[in-house]
Amino acid sequence: FYQQETQHEVIMADQTIKSVNPANDTVIEEFTPHTPAQVATAIRDADECFADWRKTSFEYRAGLMLKAADVLEANADRYAADMTTEMGKPLGQARAEVNKCAWVCRHYAEQASNYLADEPIESSGTKAYVHHLPLGVILAVMPWNFPFWQVFRFAAPILMAGNTGLLKHASNVFRSALNIEEVFVEAGFPRGAFQTLLIGSKHVESVIKDDRVKGVSLTGSGSAGGAVAATAGKAIKPSLLELGGSDAFIVMPSADLEKALDTAVKARTQNNGQSCIAAKRFFVHADVYDAFKSGFEARFKNLKVGDPTEDGTHIGPLATASIRDELVEQVEKSVKAGATVFHAGNTLPDTGNWFDPCIVIGAPEGSPSADEEMFGPVANLWKVNDLDEAIGRANHSIFGLGSVIFTQDKVEMDQAVSELEAGATFVNAMVSSDPRMPFGGIKQSGYGRELAADGIKAFVNRKTVFIA
């Protein structure tokens with residue numbers, strides 16, 4: 001039902017869940033899963049809270065959301081350290097993630113009333129408009145790779161809209177999940193407004209089916225999204241899916257090559273390369289291919305793999321051994337199909353889920369490099385003869401999340417924006433999520449949009465009001 005769960009480094013024994021540090025294979029902490037009775041109580045509390053929370057003013061909710069931002073910033077070091085220990089991202093990136101969550105809290109505190117203001121409509125009556133009302137209890141099913149950000153970009157808008165939230169987080173980041181609940185408790189949100197459920201995959205379906213749960217948002221794998229969407233659809237409840245990606249990164253002759261290279265490396269290796277919106281497939285015009293390839297390899301060679309808590313580390317361990325093993329297999333299969341590989345050349349520790357960053361060059365169609373999402377620091381590089389070829393190859397993917405083009409040519413920019421099959425196209429910049437801009441994909445990358453006005457309207461009743 002929930003594929004991410006099978007990929008997590010969790011050990012089930014004596015009714016406890018043991019999370020494992022991916023850097024050294026040591027047990028971090030043990031958690032006792034919530035019982036069905038505890039889950040039922042959480043759903044009841046969320047539903048009862050909603051009855052009063054929905055009646056509160058935007059000003060009241062905003063005051064609490066601003067306090068949540070303050071709690072995040074005050075505890076950023078502790079929350080970041082827990083993230084790094086649980087899933088291996090470099091500590092500086094973890095701190096930045098916590099601070100970004102404070103940003104999204106402040107954004108919706110400031111903008112929710114504008115986003116959900118009544119929308120006048122011309123009609124035959126004396127007045128007509130769209131009025132926005134919350135739906136109720138909304139479930140979030142979230143993955144481990146951005147343990148805070150992916151939750152807060154859900155939580156801030158649904159709470160500001162007047163809904164209440166339940167979080168089923170990935171089992172290898174349960175400490176982060178509890179820290180997130182702590183943020184809302186410390187900020188003064190009422191009991192039941194936002195709760196973490198420490199449950200496994202087999203319990204998700206029953207939560208979605210509960211009549212008091214009115215919608216579900218999932219970030220994760222395609223199979224997980226399909227299962228959640230099917231369950232929600234059968235129950236006739238709204239769902240929002242943000243799934244995988246294999247984003248294209250196109251470089252044309254007029255590009256600022258140094259900027260393109262610096263951006264390319266960051267876009268591929270940030271968060272240990274474990275990001276749905278990471279640039280994964282690089283299509284470079286023949287006129288600049290050799291220079292780009294040389295610069296790309298040089299930058300990969302300078303990447304430091306090591307202890308994610310140390311300053312200067314670019315790449316920490318991958319989150320689980322199974323993810324590392326799958327990535328190794330994907331590279332090996334691509335080489336057998338005819339690709340060549342450039343390795344960064346790091347000496348890796350003996351314990352932990354380590355992977356040396358690499359560039360897979362010229363992999364043919366049908367190989368993992370061309371057809372699959374590679375969730376780790378592997379860049380896939382091809383030479384193309386023109387923009388038509390680049391866009392055609394970029395679109396030859398089941399995914400459609402983000403895309404990038406580096407060019408100074410306005411015609412090429414316009415063509416990329418018009419023809420790239422993706423939820424976003426960034427020109428001369430890496431794909432990133434921003435509270436002010438809608439975020440989401442097409443094709444097997446999911447449906448619906450998070451963030452900005454779209455995000456807060458995802459789980460509201462857009463009620464039509466007509467006055468004769």
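Numbering starts at 1 and runs along the sequence shown. None of these values were measured; they are calculated from a predicted model.
In this structure a side-chain-to-backbone donor-acceptor pair under 3.5 Å is missing from Asn353 to Pro317. A side-chain donor-acceptor contact under 3.5 Å links Gln195 to the backbone of Ala42. The main-chain N or O of Glu419 is found under 3.5 Å from a side-chain atom of Asn395 such that the two form a donor-acceptor pair. With Asn461 contributing its side chain and Leu135 its backbone, the two residues share no donor-acceptor pair below 3.5 Å. Side-chain atoms of His285 never come within 3.5 Å of backbone atoms of Val251 as a donor-acceptor pair (strictly under, hydrogens ignored). In terms of modelled atom types and a separation under 3.5 Å, the side chain of Trp382 and the main chain of Ala363 share a donor-acceptor contact. Looking at Thr84, its side chain does come within 3.5 Å of a backbone N or O of Ala80 through a donor-acceptor pair. Proximity of a side-chain donor or acceptor of Gln415 to a complementary backbone N or O of Leu387 within less than 3.5 Å is not detected. His169 places no side-chain N or O within 3.5 Å of a backbone atom of Ala177 that could act as its donor or acceptor partner. Of the possible polar contacts, one joining the Lys280 side chain to the Gly245 backbone as a donor-acceptor pair under 3.5 Å is found.
The existence of a salt bridge linking Arg175 and Glu86 is excluded, since no basic side-chain nitrogen approaches an acidic carboxylate oxygen closer than 4.0 Å. Between Lys293 and Glu297 there is a salt bridge, with a side-chain nitrogen of the basic residue lying less than 4.0 Å from a carboxylate oxygen of the acidic one. The pair Glu389-Arg393 counts as a salt bridge, with a side-chain nitrogen and a carboxylate oxygen less than 4.0 angstrom apart.
Judged purely by distance below 3.5 Å, without hydrogens or angles, the side chains of Thr320 and Ser322 pair a donor atom with an acceptor atom. Judged by distance alone, the side chains of Thr407 and Asp409 never bring a donor and an acceptor atom under 3.5 Å apart. Of the N and O atoms on the side chains of Tyr79 and Glu97, not one donor lies less than 3.5 Å from an acceptor on the other residue. Residues Lys443 and Ser397 have side chains that never bring a donor and an acceptor to within less than 3.5 angstrom of each other.
Met83 contributes atom CE, which lies 10.5 Å from atom CZ of Arg95 (distance to the nearest 0.5 angstrom). Annotation: the span from Asp210 atom CG to Ile43 atom CD1 amounts to 4.0 Å, rounded to 0.5 Å. Here the straight-line distance linking atom CG of Asp262 with atom CE of Met430 works out to 12.0 Å at 0.5 Å rounding. Taking OG of Ser176 as the start and CD of Glu181 as the end, the distance is 13.0 Å to the nearest 0.5 Å. Taking CG from Asn380 and SG from Cys358, the interatomic distance works out to 8.0 Å, rounded to the nearest 0.5 Å. Once rounded to the nearest 0.5 Å, the distance linking CG of Asn172 with CG of Asn21 reads 11.0 Å.
Side chains of Thr425 and Met413 form no contact here, defined as non-hydrogen atoms less than 4.5 Å apart. Taking 4.5 Å as the limit, some side-chain heavy atom of Ile17 sits within range of a side-chain heavy atom of Pro33. Within the 4.5 Å cutoff, the side chain of Leu72 has heavy atoms near those of the Phe148 side chain. Residues His107 and Leu451 are not in side-chain contact: their nearest non-hydrogen atoms beyond the backbone lie 4.5 Å or more apart. For the pair Trp144 and Ile323, the minimum side-chain heavy-atom distance is below 4.5 Å. In this structure, the side chains of Phe355 and Val331 come closer than 4.5 Å at one or more pairs of heavy atoms. Contact annotation: the side chain of Lys214 never approaches that of Pro238 to less than 4.5 Å [non-hydrogen atoms, C-beta and beyond]. At least one side-chain heavy atom of Glu242 sits less than 4.5 Å from a side-chain heavy atom of Leu401.
In terms of heavy-atom proximity, Val183 sits nearest to Ala68 at CG1-O, 3.7 Å. Ser403 and Ala422 make their closest contact through OG-CB, 3.8 Å (heavy atoms, listed as atom of the first residue, atom of the second, distance). Minimum interatomic distance between Pro22 and Met87 (heavy atoms only, all atoms of both residues): CG-C, 3.7 Å. When all heavy atoms of Phe375 and Cys276 are compared, the pair lying nearest together is CE1-N, 3.8 Å. Heavy-atom minimum distance, Ala379 versus Phe300: CB-CZ, 3.9 Å. Of all non-hydrogen atoms in Asp25 and Gly352, the two that sit nearest each other are OD2-N, 3.3 Å.
Among residues two or more places apart in sequence or in another chain, the side-chain hydrogen bond (donor to acceptor under 3.5 Å, both in side chains) test is passed with Gln274 by none.
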- Intermediate values then yes/no, side chain to side chain contact (heavy atoms under 4.5 Å, CB included), His203 and Leu197: CA-CA 10 Å; His203 300 292; Leu197 305 178; over 6 Å; no
- How far apart are the C-alpha atoms of Val207 and Val141, what are their side-chain angles, what is the distance that settles it, and do they pass the side chain to side chain contact (heavy atoms under 4.5 Å, CB included) test? CA-CA 11 Å; Val207 176; Val141 183; over 6 Å; no
- Task: Verify ring pair (Phe, Tyr, Trp, His ring centres under 6.0 Å) between Phe282 and Phe296, making sure each step is shown before the conclusion.
- Result: CA-CA 11 Å; Phe282 296 82; Phe296 211 23; 5.0 Å; yes
- Task: Check the pair Leu381 / Tyr289 against side chain to side chain contact (heavy atoms under 4.5 Å, CB included), numbers first and verdict last.
- Result: CA-CA 10 Å; Leu381 176 63; Tyr289 176 82; 3.8 Å; yes
- In sequence, state the C-alpha distance, the side-chain angles, and the governing distance for Glu372 and Lys333, and then conclude on salt bridge (charged side-chain N to carboxylate O under 4.0 Å, His left out). CA-CA 11 Å; Glu372 300 174 9; Lys333 286 183 176 179; 6.0 Å; no
- Item | Pair Leu243-Leu218, side chain to side chain contact (heavy atoms under 4.5 Å, CB included): steps then yes or no | CA-CA 8 Å; Leu243 307 177; Leu218 176 138; 3.6 Å; yes
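Applying the side chain to side chain contact (heavy atoms under 4.5 Å, CB included) test between Pro377 and each of Leu327, Val265, Asn271 identifies Leu327 as the sole match.
Under the 30°/60° scheme for interplanar angles, the aromatic rings of Phe184 and Phe152 are found to lie parallel.
The environment of Lys457 atom NZ is dense: over 12 non-hydrogen atoms of other residues, nucleotides or ligands sit within 6.0 angstrom.
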